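All remarks here apply to the structure that follows.
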Amino acid sequence: MNYWLMKGEPSEFSIDDLERVGEQLWDGVRNYQVRNMFRNDMRAGDLALFYHSSCADIGVVGEMEVVVPALPDPAQFNSKSKYYDPKSTIENPRWYGPKIKFVSKFKKLVPLSTIRADKRFSDMILLKAGNRLSVFPITKTEYNALVKLGK
DNA sequence: GCCAACGTTGGC
DNA sequence: GCCAACGTTGGC
């Protein structure tokens with residue numbers, strides 16, 4: 001079982017949206033490293049933390065579970081979508097995303113500033129300078145510690 | 001809105 | 001395969 005942190009902009013899709021719909025395809029990822037992690041490393045049943053980025057309250061807001069790790073992202077075929085990729089074909093899709101489901105919403109958001117200040121999280125990719133991954137693995141220890149802070 | 005730090009693209 | 005130009009990410 002693997003543990004992940006997944007960043008998303010709440011103005012596009014938030015933990016409240018996920019709680020409402022229950023399940024959602026995590027679309028719009030256009031980074032090859034992340035795509036490869038979806039295809040090679042993510043497994044059904046993996047747990048992931050939902051992180052709100054590019055917003056007023058930045059931090060970890062809840063838990064999710066991977067239902068299906070890598071499905072072709074339909075947005076890449078939609079010329080109206082901002083995630084459209086003219087080089088993708090149905091036969092040979094370029095972009096994938098996992099289907100994820102809601103597990104829990106934290107009682108209180110765990111802010112980025114708190115994560116930065118806590119030595120237990122100093123090895124997280126989240127805090128590495130120049131990190132550009134919107135999805136990355138974390139350890140079980142980090143996962144559990146963040147869940148505990150949120151409850 | 002700024003901007004640093006990256007990733008991607010495409011001509012050569 | 002190099003590398004300059006451009007685009008994107010994401011905290012502040």
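In what follows, chains are A, B, ... by sequence order, proteins preceding strands, each numbered from 1. This is a predicted model, so every value here is computed, not measured.
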Checklist entry - A:S53 and A:E9: side chain to side chain donor-acceptor pair (under 3.5 Å), yes or no, with the steps? => result CA-CA 5 Å; A:S53 69; A:E9 299 189 17; 5.1 Å; no
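A donor and an acceptor atom, one from each side chain of A:T89 and A:N92, are nowhere located under 3.5 Å apart.
When the nearest nucleotides of DNA chain B are assigned to A:Q33 and A:K87 by heavy-atom distance, the more 5′-ward of the two goes with A:Q33.
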Checklist entry - In B/S/- notation, 5' to 3', how is nucleotides 4-10 of chain C contacted by protein heavy atoms closer than 4.0 Å? => result ---BBBB
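Looking at A:D85 and A:K87, no side-chain N of the basic residue comes within less than 4.0 Å of a carboxylate O on the acidic one, giving no salt bridge.
The cluster map of Ile, Leu, Val, Met, Phe, Trp and Tyr, joined by side-chain heavy atoms under 4.5 Å apart, puts A:V103 and A:Y143 in different clusters. Hydrophobic clustering (ILVMFWY, side-chain heavy atoms < 4.5 Å, transitive): A:V67 and A:F13 are in distinct clusters.
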